[in-house]
Amino acid sequence: MSQALDKTYSPANSESTWYSLWQASGIYHSAPSERTPYSVLMPPPNVTGILHFGHVLNNTIQDIYIRWARLNGRETCWFPGLDHAGIATQTKVEKELKKQGLRRHDLGREAFIERVWEWKNTYGGIILEQLRTLGVSADWDRTLFTMDESASQAVAEVFVRLFDEGLVYRGKRIINWSPVAQSALSDEEVIFREVREHLYTLQYHLEDGSGTLLVATVRPETIFADVAVAVNPHDERYQHLIGSRVMVPLTGRSVPIIADDYADPTFGTGCVKITPAHDPNDFEIGQRHGLPILQCIQADATLNELAGEFAGLERFMARKKVVARLEETGLLEKKEDYTHNVGFSERGEEAVEPYLSDQWFVSMKPLAGPALEAVRDGSITFYPNHWVRTYEHWMSNVRDWCISRQLWWGHRIPVYYAEDGRYTAAMSEQAARIKLGLEQGATLRQDPDVLDTWFSSWLWPMTTMGWRGPASDEVTRDEQSEKLMRYYLPTNLLVTGPDIIFFWVARMIMASLKFKGVIPFRDVYFTSILRDAKGRKLSKSLGNSPDPLNVIEKYGSDAVRFTMIYLAPLGMDVRLDIDEKTQDIASMELGRNFANKVWNACRFLQMKKFDVAQATSADAEYEPSTADRWIRSRYASTVQAASKALDEYRITEYAKILYDFIWRDFCDWYVEVVKVQLTQAPSDSQRVAILDNAFSVIDGTLHLLHPVMPFITDELWHGLLGHTAEESISTSTAPTAQTGDIDLVTEERFETLQQVVEALRRQRSEMGIPPGERLDVHLRVRQDEVEFYSSQGAVITALARCAELVIGHDLDKPQGSVGDVVRGNEIYLVVAGKIDFEKERARITKEIDRLTAALAGVEKKLSNASFVANAKPEIIENERQKQADWTDALMKLQRNLASI
RNA sequence: GGGCAGUUAGCUCAGUUGGUUCAGAGCAUCUGCCUUACAAGCAGAGGGUCGGGGGUUCAAAUCCCUCACUGCCCACCA
């Protein structure tokens with residue numbers, strides 16, 4: 001046994017020491033072996049990322065399962081990595097440049113990308129470093145960056161393959177445009193927010209001067225691109241006008257009045273202006289009716305020459321001016337307040353502009369079918385399961401995925417355009433020439449755009465294992481990565497937030513099925529959403545997202561991990577009591593106090609071990625006490641329950657089971673009894689036998705606790721059980737439930753003992769007896785229990801602070817005593833002169849009232865013929881037993897009351 | 001408009017298959033303790049009838065219906 005443990009657990013030093021040891025010994029590296037694999041894919045944090053509490057929760061859960069699998073002898077691999085996060089990273093670097101008064105175009109594409117790489121190299125690994133502070137036991141040797149060479153190749157090959165199959169195509173569509181990023185966005189990157197604007201009703205004069213059509217719009221700045229006004233074909237008000245023309249205000253242009261069901265006669269005036277270039281619905285109507293397309297808003301969200309005097313104005317400024325001019329010219333009929341939803345860019349704060357442009361799309365329907373099936377047929381299980389509905393809904397209505405981004409940072413689209421306008425996707429210029437049937441040296445231009453970040457993320461299950469794409473599979477055949485995928489795929493668990501179920505989870509399922517014919521993972525655990533005390537999501541901008549490293553520094557990593565797990569039930573939001581001023585989370589004390597409790601329980605055992613003579617061996621004749629057998633029984637149940645909770649992904653319960661076992665059973669009762677047993681034991685060899693029992697329970701308990709509290713458990717495992725520095729609890733073996741140790745008879749007996757002690761304590765407290773004062777106690781028990789209670793005399797005496805303890809079957813209530821009844825046992829505490837008769841009478845009366853009411857309930861049940869006829873026999877028997885017990889207790893209490 | 005969660009003690013939440021005093025835990029509150037592992041602790045106490053209403057059942061916090069409120073996701077009719 002090593003050095004004495006300190007009085008208080010101080011995580012700061014020991015945690016980093018342990019992590020260094022773990023890392024140096026490379027114990028978390030994994031490779032295919034004879035053992036059953038267990039693998040987890042880490043959701044790759046962004047290179048710009050800094051650890052936040054979402055990561056803490058997410059990675060703690062993953063680490064728990066990884067460590068638990070490792071303890072259970074699985075070949076355990078946790079694949080970590082980093083995401084290049086296209087838009088996010090590029091925006092960051094552009095902001096940096098802006099401080100120097102530069103824009104990316106000033107540098108040029110190549111120099112700019114170089115700057116981003118510099119940024120990535122400087123800040124990219126920070127979060128991975130931070131995850132180590134948290135204790136994450138990933139296989140760092142396998143860390144992958146989504147823009148690493150192998151991953152990039154896979155991305156390009158996948159693109160080419162899908163292009164060749166016609167599943168990736170180019171098209172001119174209305175897409176979500178971010179004027180700030182100057183790039184397209186996918187539908188998933190747009191979030192809708194309610195906005196209070198105005199609904200303007202404009203006068204469109206009929207071209208022949210015969211009247212005016214009133215048209216409502218929230219975007220009067222788009223009138224310059226109007227190509228028609230639509231009315232409902234069944235709308236009698238306007239039927240006669242269909243086919244005639246109206247003048248678009250402020251333009252001198254006339255457009256036709258067309259009939260289309262899209263126009264809702266009950267909304268506004270029933271007339272809709274049609275602007276195909278600036279509204280997805282209008283675009284479709286334009287297609288249906290063969291209308292021309294006019295575009296008046298440009299990529300930077302300013303108006304172009306079509307807008308005449310308004311050209312060059314930013315869209316919202318233009319709206320103001322246009323409205324003003326309409327007002328002047330009398331063409332503005334009315335202006336009403338109007339609240340509706342507007343799409344905003346997920347990252348930036350700006351309103352997304354529906355923008356007509358050439359983009360690349362993935363045709364999703366063919367990919368969605370098998371992916372939907374894999375979840376429906378149970379090959380993949382979601383926890384909590386209700387997310388399946390969301391998944392199904394999205395998958396059934398999936399729309400094509402816009403994957404091109406007008407950015408520089410990312411995987412360049414492997415498409416080459418010939419001078420004649422033809423194009424193809426290929427792995428190189430030369431390959432493209434061959435595909436297009438062009439001669440060597442023919443000029444080609446590569447598509448300037450890059451791919452959506454998620455186009456690399458969806459290959460994560462394969463690229464993390466070294467996959468280089470479908471063509472490589474067929475041609476070069478990478479044995480190494482093939483072996484890894486055969487062994488580790490499908491991975492066992494994915495832990496992620498429900499917010500990226502469409503972005504990532506669904507698409508990984510599609511890609512893995514498409515390219516490897518295998519599901520990427522079996523179980524998906526959706527984590528809780530973290531909120532502050534006011535219920536708001538944690539976010540940097542709100543200032544309600546403390547830096548986890550500071551919190552870890554204050555409470556310890558184990559404490560933070562434990563608290564997060566304890567507080568975060570499966571599938572529900574979690575409120576954290578974040579103090580915005582101090583950036584502190586006081587509830588972390590729960591974990592810290594618990595860690596300290598574990599620490600001190602071990603410290604106690606260690607001290608007792610030091611007290612016995614060195615090298616004493618356990619007395620083979622030692623007969624385990626009731627408490628010894630009780631704690632073994634409780635421990636066996638705990639192993640069983642904790643394992644089951646983990647298997648079922650009820651990690652909060654796992655945490656609670658351990659918390660209660662260690663604190664309530666082990667510390668509050670077992671350790672207290674052990675103190676008595678050690679004092680009473682006649683020899684050191686007996687003491688060693690007693691301690692052996694305690695050590696074996698604490699050894700197993702540390703293993704159970706290790707997945708959630710890796711640092712302190714390894715430290716105690718060494719400090720207490722004398723393991724060498726080369727060993728780690730994390731690579732030792734988990735305990736299995738010894739169901740034979742579960743002994744319900746002993747548990748019942750011990751519980752009664754606990755209740756007797758508690759009753760005595762309650763009496764003392766109510767009578768105001770100072771804790772130090774010892775009083776006589778008389779226990780009247782059943783004849784056949786006298787021996788048992790006598791054997792527990794020392795324990796009761798110590799825990800209930802008795803002076804003299806008299807145990808017998810045939811005892812009378814002593815003079816000057818207060819009494820109580822516990823499971824048929826009568827307890828008398830001799831308080832002599834200190835007795836407060838009023839209080840005592842009140843206490844017993846209250847107890848009698850309670851029992852009388854409870855008994856009445858039972859008797860009512862038992863006298864109910866249908867209850868007796870229908871209820872299960874054991875339930876009825878139970879009620880009968882209660883009736884007997886309570887009748888007996890009532891009798892004893894009444895006698896007690898009478899004697900006061 | 002469609003879908004999914006949630007509503008249990010002052011606060012944050014447990015409560016697996018309806019039935020052992022199941023109405024629990026932590027924090028907070030109150031009382032008393034530095035009892036030689038732990039004051040980051042120990043011993044006690046008070047506090048809720050389980051959102052409202054209805055139903056099924058011998059029996060409901062637990063199952064069904066309905067209403068209300070809260071949150072999230074999807075859709076997005078100018």
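All chains are named by letter (A, B, ...) in the order of the sequence lines, taking the proteins before the strands, and each is independently numbered beginning at 1.
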Is there side-chain contact between Phe53(A) and Val560(A), with at least one heavy-atom pair below 4.5 Å?
yes
Side-chain heavy-atom pair Leu5(A), Leu716(A) within 4.5 angstrom cut-off:
yes
With both distances under 3.5 angstrom, what nucleotide forms a Watson-Crick or G-U wobble pair with C58(B)?
G19(B)
Scan every strand shown for a Watson-Crick or G-U wobble partner of U31(B), both distances under 3.5 Å, and answer none if you come up empty.
A43(B)
Is [X] close enough to [N] that one of its side-chain N or O atoms is under 4.0 Å from OP1 or OP2 there?
X: Arg399(A); N: A75(B); result: yes
X: Arg762(A); N: G44(B); result: no
X: Trp669(A); N: C42(B); result: no
X: His393(A); N: C73(B); result: no
X: Asn878(A); N: G19(B); result: no
X: Lys597(A); N: A40(B); result: no
X: Asn593(A); N: G41(B); result: yes
X: Tyr566(A); N: A25(B); result: no

From Tyr9(A), Tyr555(A), Tyr659(A), residue fulfilling ring-ring contact (aromatic ring centres under 6.0 Å, His included) relative to Phe594(A)
Tyr659(A)
For a quick check of understanding: with a heavy-atom distance under 4.0 Å over all strands, which category does [X] fall into, base, sugar-phosphate or nothing?
X: Cys667(A); answer: base
X: Lys872(A); answer: base
X: Asn864(A); answer: sugar-phosphate
X: Val671(A); answer: base
X: Ala854(A); answer: nothing
X: Arg531(A); answer: sugar-phosphate
X: Phe526(A); answer: nothing

Whole-Å gap separating [atom2] ([N]) and [atom1] ([X]):
X: Gln640(A); N: U16(B); atom1: CD; atom2: P; value: 18 Å
X: Glu197(A); N: C76(B); atom1: CD; atom2: P; value: 17 Å
X: Arg575(A); N: C13(B); atom1: CZ; atom2: P; value: 6 Å
X: Asn870(A); N: C58(B); atom1: CG; atom2: C1'; value: 5 Å
X: Arg664(A); N: A14(B); atom1: CZ; atom2: P; value: 20 Å
X: Arg603(A); N: G41(B); atom1: CZ; atom2: C1'; value: 12 Å
X: Ile529(A); N: G71(B); atom1: CD1; atom2: P; value: 13 Å

Is the centre of the Tyr391(A) ring less than 6.0 Å from the centre of the Phe382(A) ring?
yes
Would Asp584(A) and Lys554(A) count as a salt bridge (Lys or Arg N to Asp or Glu O under 4.0 Å) if you check the C-alpha gap in whole Å, the side-chain angles of each, and the deciding distance to 0.1 Å?
CA-CA 9 Å; Asp584(A) 188 22; Lys554(A) 180 167 178 191; 2.9 Å; yes
Taking the [atom1] atom of each, how far is [N] from [M], in whole Å?
N: G55(B); M: C76(B); atom1: P; result: 43 Å
N: C22(B); M: A59(B); atom1: C1'; result: 14 Å
N: A28(B); M: G46(B); atom1: C1'; result: 13 Å

Under a 4.0 Å N-O cut-off, is there an ion pair linking Arg219(A) with Asp279(A)?
no
So that I can tick it off, tell me whether Asp260(A) and Arg288(A) are bridged by a salt bridge, with the cut-off set at under 4.0 angstrom between side-chain N and carboxylate O.
yes
Starting at the 5' end of RNA chain B and moving along, which residue's nearest nucleotide shows up first, Tyr9(A) or Ala759(A)?
Tyr9(A)
Starting at the 5' end of RNA chain B and moving along, which residue's nearest nucleotide shows up first, Pro11(A) or Pro770(A)?
Pro770(A)
So does Glu672(A) reach the base of A37(B) with its side chain, donor to acceptor, closer than 3.5 Å?
yes
